[in-house]
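Worksheet: the structure to be examined is printed underneath.
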Number of protein chains: 2
Amino acid sequence: MKHFSEMSESALRVVDAAEGLIQERGYNGFSYDDVAKLVGIKKPSIHHHFATKGDLATAVAQRYTHRFREQLLRIEVQHARAPDRLTAYATLFENTFAAEHRLCVCGMLGAEAKSLPDGVAHEVSRFFEANTDWLAMVITEGQRAQQLRAQPEARALADAFLATLEGAMIVARSVRGARGPAGVAQTYLSTLLA
Amino acid sequence: MKHFSEMSESALRVVDAAEGLIQERGYNGFSYDDVAKLVGIKKPSIHHHFATKGDLATAVAQRYTHRFREQLLRIEVQHARAPDRLTAYATLFENTFAAEHRLCVCGMLGAEAKSLPDGVAHEVSRFFEANTDWLAMVITEGQRAQQLRAQPEARALADAFLATLEGAMIVARSVRGARGPAGVAQTYLSTLLA
DNA sequence: GTCTATATACAGATAGAC
DNA sequence: GTCTATCTGTATATAGAC
């Protein structure tokens, strides 16, 4: 399948629409016709760009992960200290959620993992691994610089932090007034400061 | 709609099957025919017990929440100290997840909240509220007894703990070798001990 | 790249017999 | 409480013209 960096403008509009639908309703909750209506073309034109629904969702997840990694690099440039980097990281989730309670693409797809085509599920696991790897790196540095508590170990803290952010979006979607990702991240981080 | 405590044996078998399907694939990922095949009857017989799919999912969520609250009461009886209660609470999630990586019914439905019938979404929010209320109560007591750190406030810690458990199930579903709910809960709790 | 038309399967739901 | 038969809508996907 074509990489999103080589896609036509039309194909990218399809990916845009599918991304929003996945964030709102999940893989099993949207159809090619939903995408077609959003883009303003007919259903078979979607198949021209993405032969199967799995191909389309894979492209959405690939681009989402790619953009996320770009933002992680930006955080590294803009913030030097680990606590600031982790706060900025939480802001990525908060910004997604602030737009009509949209979920993380891969949080939603992760919940649906057992009913996803293999290619999509694989992209989702790549997203999570990229995130926990980056978080573990940032937390390890923070521990070395004595900005963060030395225990528990960085990888455990990274897994827990990602889980907290993904879970916060899901809970806050259902409970009015619940703390969103930025709120729970602040709580979590305050227990981590050295 | 009938309360699950007054349902026939056949209706409860339908609820059992639907519960497992929701945990595996979500509301938008199963059909009346899937339920019928699991129970060993035909599709219209499901409609005899639950007129609509929303009614069925509502019954599943109601019973799930009811059973969960029963288990919270049991934890209060079996464990006196807040840290032990919170560990036992995490074990509820771990036990669910240990069975074929099943998700929390309301974690899954919470992700799908925007494509659920109103009645189902309402039950999901009731589940989350019951959980954060109970957790806040337990954590408040633990803070008073100086078993848990006094800051951040109990409600914030409760929200973050629930989010962590729900998120851990979703992430661990996609990443082989990732820490499940018991693992991340242990990490989280170790940062909370006084 | 987009369209109309169509194939095929399955969805949720209902009617009415047993 | 369960069944067969059916309705109606929609799903993913394909064929082939423009």
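In what follows, chains carry the letters A, B, and so on, assigned in the order in which the sequence lines appear, proteins first and then strands, with residues in each chain numbered from 1.
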Cut-off 3.5 Å, no hydrogens considered: what does the side-chain donor-acceptor table look like for residues 70-80 of chain A, sequence neighbours left out?
unit_1  : atom_1 : unit_2   : atom_2 : d
A:Glu70 : OE2    : A:His66  : NE2    : 3.2
A:Glu76 : OE2    : A:Trp134 : NE1    : 2.7

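- A ring-ring contact (aromatic ring centres under 6.0 Å, His included) check over residues 5-46 of chain A, counting only residues at least two apart or in different chains, returns the pairs A:Tyr32-A:His47.
- Residues passing the ring pair (Phe, Tyr, Trp, His ring centres under 6.0 Å) test with B:Phe93, sequence neighbours excluded: B:Phe68, B:Tyr89.
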Listing, residues 180-194 of chain A side-chain donor-acceptor contacts under 3.5 Å, not counting sequence neighbours, or none:
unit_1   : atom_1 : unit_2   : atom_2 : d
A:Thr187 : OG1    : A:Gly183 : O      : 3.3
A:Tyr188 : OH     : A:Leu157 : O      : 3.2
A:Ser190 : OG     : A:Thr187 : O      : 2.8
A:Thr191 : OG1    : A:Tyr188 : O      : 2.6

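- Within residues 6-25 of chain A, the residues having any heavy atom under 4.0 Å from DNA chain C are, by residue number, A:Ser8, A:Ser10.
- Contacts of A:Asp55 classified as salt bridge (Lys or Arg N to Asp or Glu O under 4.0 Å), with partners at least two apart in sequence or in another chain: none.
- Across all strands, B:Ser31 comes closer than 4.0 Å only to sugar-phosphate atoms, never to a base (heavy-atom distances).
- Side-chain contact check for B:Ile170 versus A:Ile170: some heavy-atom pair is nearer than 4.5 Å.
- Among residues at least two apart or in separate chains, there is no ring-ring contact (aromatic ring centres under 6.0 Å, His included) pair with a member in residues 137-158 of chain A.
- Between the OG atom in B:Ser125 and the CZ atom in A:Arg176 there is a gap of 9.5 Å [rounded to 0.5 Å].
- For B:Arg126, the salt bridge (Lys or Arg N to Asp or Glu O under 4.0 Å) partners are B:Glu123, not counting sequence neighbours.
- Remark: the B:Thr87 side chain and the B:Asp84 side chain contain no N/O donor-acceptor pair separated by less than 3.5 Å.
- Within 4.0 Å of B:Phe30, counting heavy atoms only, lie sugar-phosphate atoms of the nucleic acid but no base atom.
- Taken residue by residue, residues 34-43 of chain A places heavy atoms nearer than 4.0 Å to DNA chain D at A:Lys43.
- Applying the salt bridge (Lys or Arg N to Asp or Glu O under 4.0 Å) test to A:Arg102 and every residue at least two apart in sequence or in another chain returns nothing.
- Rounded to whole Å, atom C1' of C:dT4 lies 16 Å from atom NE2 of A:His48.
- Using a 4.0 Å cut-off on heavy atoms, none of the residues of residues 56-63 of chain A approach DNA chain D.
- Taking a heavy-atom distance under 4.0 Å as the criterion, the stretch of DNA chain D touched by chain B extends 5' to 3' from D:dG1 to D:dA5.
- Heavy atoms from other residues, nucleotides or ligands lying under 6.0 Å from NZ of A:Lys114 number more than 12.
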